Amino acid sequence: MTDEYIDVGISGAKERRPALDRLMIDAKRRRFDVVVVYRYDRFARSLRHLVNALEEFRALGIQFVSIHEGVDTSTPNGRLIFGIFASIAEFERELIRDRVRAGLRNARAKGKRLGRPKVFVDRSRIAVLRDQGLSWSKVGADLRIGEGTVRRAAQVAGKNLAPETAFTKLLNQRIPYA
């Protein structure tokens with residue numbers, strides 16, 4: 001059996017990926033004898049993950065071949081080279097991580113604000129729009145903010161709005177679960 005296991009848009013640094021998980025399940029079911037990858041670092045970037053996967057493949061009698069590096073784990077040389085390349089890939093990843101952390105520290109030291117920009121929400125406007133019967137999503141669209149932001153603001157606003165608004169009554173209503 002031949003199949004392709006491709007995780008599009010998911011970092012190779014993650015050990016849990018849908019296609020990779022499916023590959024490992026199929027390996028345990030012995031649906032193939034060889035795993036062929038274009039580059040070993042597309043399969044995994046941490047030495048621990050590589051070693052664990054290779055050991056599992058070895059125990060199942062499955063060979064691992066990386067085309068770009070010319071590595072074939074069915075040979076002792078291939079296993080040695082693979083271990084060296086895997087160590088280098090992990091080292092490079094750690095260097096990148098250290099550089100990113102240093103850059104973040106530098107940005108903070110310079111007073112840069114990191115993260116998402118703050119969104120200012122007019123809670124009274126939310127209450128008015130909800131009193132008019134607009135849905136959460138329509139209120140969000142009207143205010144040009146996300147529905148989740150509207151709901152969170154309403155939860156806070158529900159405690160602070162004047163008690164006579166229908167919106168406050170709605171927030172304070174106890175609705176039984178079905």
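Everything quoted here is computed from the prediction, not taken from an experiment.
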*Asks:* Under the side chain to side chain donor-acceptor pair (under 3.5 Å) test, which residues partner Ser74, sequence neighbours left out?
*Replies:* Asp72
*Asks:* Among pairs that include at least one residue of residues 102-115, which meet salt bridge (charged side-chain N to carboxylate O under 4.0 Å, His left out), considering only residues two or more places apart or in two chains?
*Replies:* none
*Asks:* Just to verify, what does Phe91 make a ring pair (Phe, Tyr, Trp, His ring centres under 6.0 Å) with, not counting sequence neighbours?
*Replies:*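 Residues passing ring pair (Phe, Tyr, Trp, His ring centres under 6.0 Å) with Phe91: none at all.
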*Asks:* Charged N to carboxylate O below 4.0 Å: is that the case for Arg22 and Asp3?
*Replies:*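 Judged by the 4.0 Å cut-off on N to carboxylate O distance, Arg22 and Asp3 do form a salt bridge.
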*Asks:* Tell me, please, which residues at least two apart from Thr75 pass side chain to side chain contact (heavy atoms under 4.5 Å, CB included).
*Replies:*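 Result, side chain to side chain contact (heavy atoms under 4.5 Å, CB included) vs Thr75: Asn77.
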*Asks:* In chain order, what residues pass the salt bridge (Lys or Arg N to Asp or Glu O under 4.0 Å) check against Glu147, with sequence neighbours excluded?
*Replies:* Arg151
*Asks:* Please name the pair of heavy atoms, one in Asp26 and one in Phe32, separated by the smallest distance, quoted to 0.1 Å.
*Replies:* CB-CE2, 3.6 Å
*Asks:* Just to verify, what does Asp33 make a salt bridge (Lys or Arg N to Asp or Glu O under 4.0 Å) with, not counting sequence neighbours?
*Replies:*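 None.
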*Asks:* Consider only side-chain heavy atoms of I, L, V, M, F, W and Y, link residues closer than 4.5 Å, and tell whether Tyr38 and Tyr5 are in one cluster.
*Replies:* no
*Asks:* Within this structure, what is the CG-OG distance for the pair Leu129 and Ser124, rounded to the nearest 0.5 Å?
*Replies:*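 Between atom CG of Leu129 and atom OG of Ser124 there are 9.5 Å.
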*Asks:* Among pairs that include at least one residue of residues 52-66, which meet salt bridge (charged side-chain N to carboxylate O under 4.0 Å, His left out), considering only residues two or more places apart or in two chains?
*Replies:* Lys28-Glu56, Glu55-Arg58
*Asks:* Calculate, to the nearest 0.5 Å, the distance between atoms CD and CZ belonging to Glu94 and Arg97 respectively.
*Replies:* 4.5 Å
*Asks:* For Arg130 and Trp136, work out which heavy atoms get closest and say how close.
*Replies:* NH1-N, 3.3 Å
*Asks:* Where the side chain of Thr73 meets the backbone of Phe64, is there a donor-acceptor pair that is under 3.5 Å apart?
*Replies:* yes
*Asks:* Roughly how far apart are Ile6 CD1 and Leu20 CG, rounded to 0.5 Å?
*Replies:*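 Going from CD1 on Ile6 over to CG on Leu20, the span is 13.0 Å.
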*Asks:* If you look at every heavy atom in Leu114 and Ala107, which pair is closest and at what distance?
*Replies:* CD2-CB, 4.1 Å
*Asks:* Can you list everything that forms a side chain to side chain contact (heavy atoms under 4.5 Å, CB included) with Arg99? Sequence neighbours excluded, please.
*Replies:* Leu95, Ile96
*Asks:* With rounding to the nearest 0.5 angstrom, report the OG1 to CZ distance, Thr149 to Arg144.
*Replies:* 15.5 Å
*Asks:* How does the hydrophobic cluster around Val34 look, that is, which other residues are in it when side-chain heavy atoms under 4.5 Å mark a link?
*Replies:*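 Joined to Val34, directly or through intermediates: Val36, Val65, Ile67.
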*Asks:* Measuring from Leu23:CG to Ile62:CD1, what's the distance to the nearest 0.5 Å?
*Replies:*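 Rounded to the nearest 0.5 Å, the CG-CD1 separation comes to 8.0 Å.
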*Asks:* Let me see the working for Arg17 and Asp21 under side chain to side chain contact (heavy atoms under 4.5 Å, CB included), right down to the final yes or no.
*Replies:* CA-CA 6 Å; Arg17 303 182 307 242; Asp21 293 345; 5.6 Å; no
*Asks:* Could you pull out all residues at least two apart from Glu92 that satisfy side chain to side chain donor-acceptor pair (under 3.5 Å)?
*Replies:*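 Testing Glu92 for side chain to side chain donor-acceptor pair (under 3.5 Å), a comparison that skips the adjacent residues, returns none.
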*Asks:* Using salt bridge (Lys or Arg N to Asp or Glu O under 4.0 Å) as the criterion, list what pairs up with Asp122, not counting sequence neighbours.
*Replies:* none
*Asks:* What pair of heavy atoms forms the shortest contact from Leu60 to Ala27, and how long is it?
*Replies:*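 Closest approach of Leu60 to Ala27, heavy atoms only: CD1-O, 3.6 Å.
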*Asks:* Does Asn52 have any side chain to side chain donor-acceptor pair (under 3.5 Å) partners at least two apart in sequence or in another chain, and if so, which?
*Replies:*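 Counting only residues at least two positions away or on another chain, Asn52 forms no side chain to side chain donor-acceptor pair (under 3.5 Å).
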